[in-house]
Amino acid sequence: MTNDSRRRSVPTQKTDTPPEEKGRRSNGEQREVRWVQIRLIPIWLRVVLVIVLIIVAAILGTMVGYSVIGQGKAMDVFNLETWRHIFDIMNGKE
């Protein structure tokens with residue numbers, strides 16, 4: 001994976017900055033100091049983090065809902081029989 005932050009740099013606008021705020025090259029030329037935005041967390045990692053957080057929130061929500069509202073054990077929500085029972089109730093089989 002490459003770091004493509006250089007391609008996303010925003011060109012600076014010409015301003016009347018005093019010479020003290022400009023950098024100097026080794027040959028004595030002044031160069032304009034550019035502000036470059038560097039993303040600490042890339043976009044793809046943000047998307048993955050959001051998806052993971054949604055999954056974790058769904059798991060925690062079912063555990064809390066089943067144990068607090070349903071008066072059952074929190075880990076019983078992962079049993080297949082629990083979900084079969086829930087779907088049977090939803091489909092009118094029980």
Side-chain angles (χ1 to χ4, degrees):
M1 176 165 284
T2 60
N3 185 2
D4 56 350
S5 63
R6 287 183 288 154
R7 287 187 277 154
R8 294 185 182 144
S9 64
V10 177
T12 59
Q13 297 176 353
K14 294 195 178 218
T15 59
D16 295 331
T17 56
E20 295 85 31
E21 294 181 14
K22 292 183 177 180
R24 287 199 176 266
R25 292 186 178 165
S26 61
N27 60 2
E29 292 181 17
Q30 285 188 346
R31 64 180 173 97
E32 189 172 334
V33 178
R34 293 183 177 209
W35 181 77
V36 178
Q37 181 180 6
I38 298 172
R39 290 191 173 140
L40 296 177
I41 301 173
I43 296 295
W44 65 268
L45 185 58
R46 291 180 193 183
V47 171
V48 170
L49 283 175
V50 167
I51 291 171
V52 168
L53 288 175
I54 288 172
I55 292 170
V56 169
I59 290 171
L60 289 176
T62 54
M63 289 176 66
V64 169
Y66 190 77
S67 64
V68 174
I69 297 172
Q71 302 293 325
K73 294 179 183 176
M75 297 306 288
D76 286 345
V77 78
F78 298 115
N79 289 339
L80 187 60
E81 293 299 321
T82 302
W83 289 100
R84 282 188 186 146
H85 180 69
I86 291 172
F87 284 115
D88 286 345
I89 291 173
M90 287 173 48
N91 294 329
K93 293 181 181 176
E94 287 190 27

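Residue indices begin at 1 and follow the sequence shown.
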Rounded distance (nearest 0.5 Å) linking atom [atom1] of [X] with atom [atom2] of [Y]:
X     : Y     : atom1 : atom2 : value
Lys73 : Thr82 : NZ    : OG1   : 11.5 Å
Met63 : Asp76 : CE    : CG    : 10.0 Å
Leu40 : Leu45 : CG    : CG    : 11.0 Å
Leu49 : Trp44 : CG    : CH2   : 8.5 Å
Arg84 : Asn91 : CZ    : CG    : 13.5 Å

Please determine whether residues [X] and [Y] belong to a single hydrophobic cluster, defined as Ile, Leu, Val, Met, Phe, Trp and Tyr linked transitively by side-chain heavy-atom distances below 4.5 Å.
X     : Y     : answer
Ile55 : Phe78 : yes
Ile41 : Leu53 : no
Tyr66 : Ile59 : yes
Ile69 : Ile89 : no
Val52 : Leu60 : yes

Counting only heavy atoms not in Leu80 (residues, nucleotides, ligands), do more than 12 fall under 6.0 Å from its CG?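 Yes, because the 6.0 Å sphere around CG of Leu80 holds more than 12 heavy atoms from other groups.
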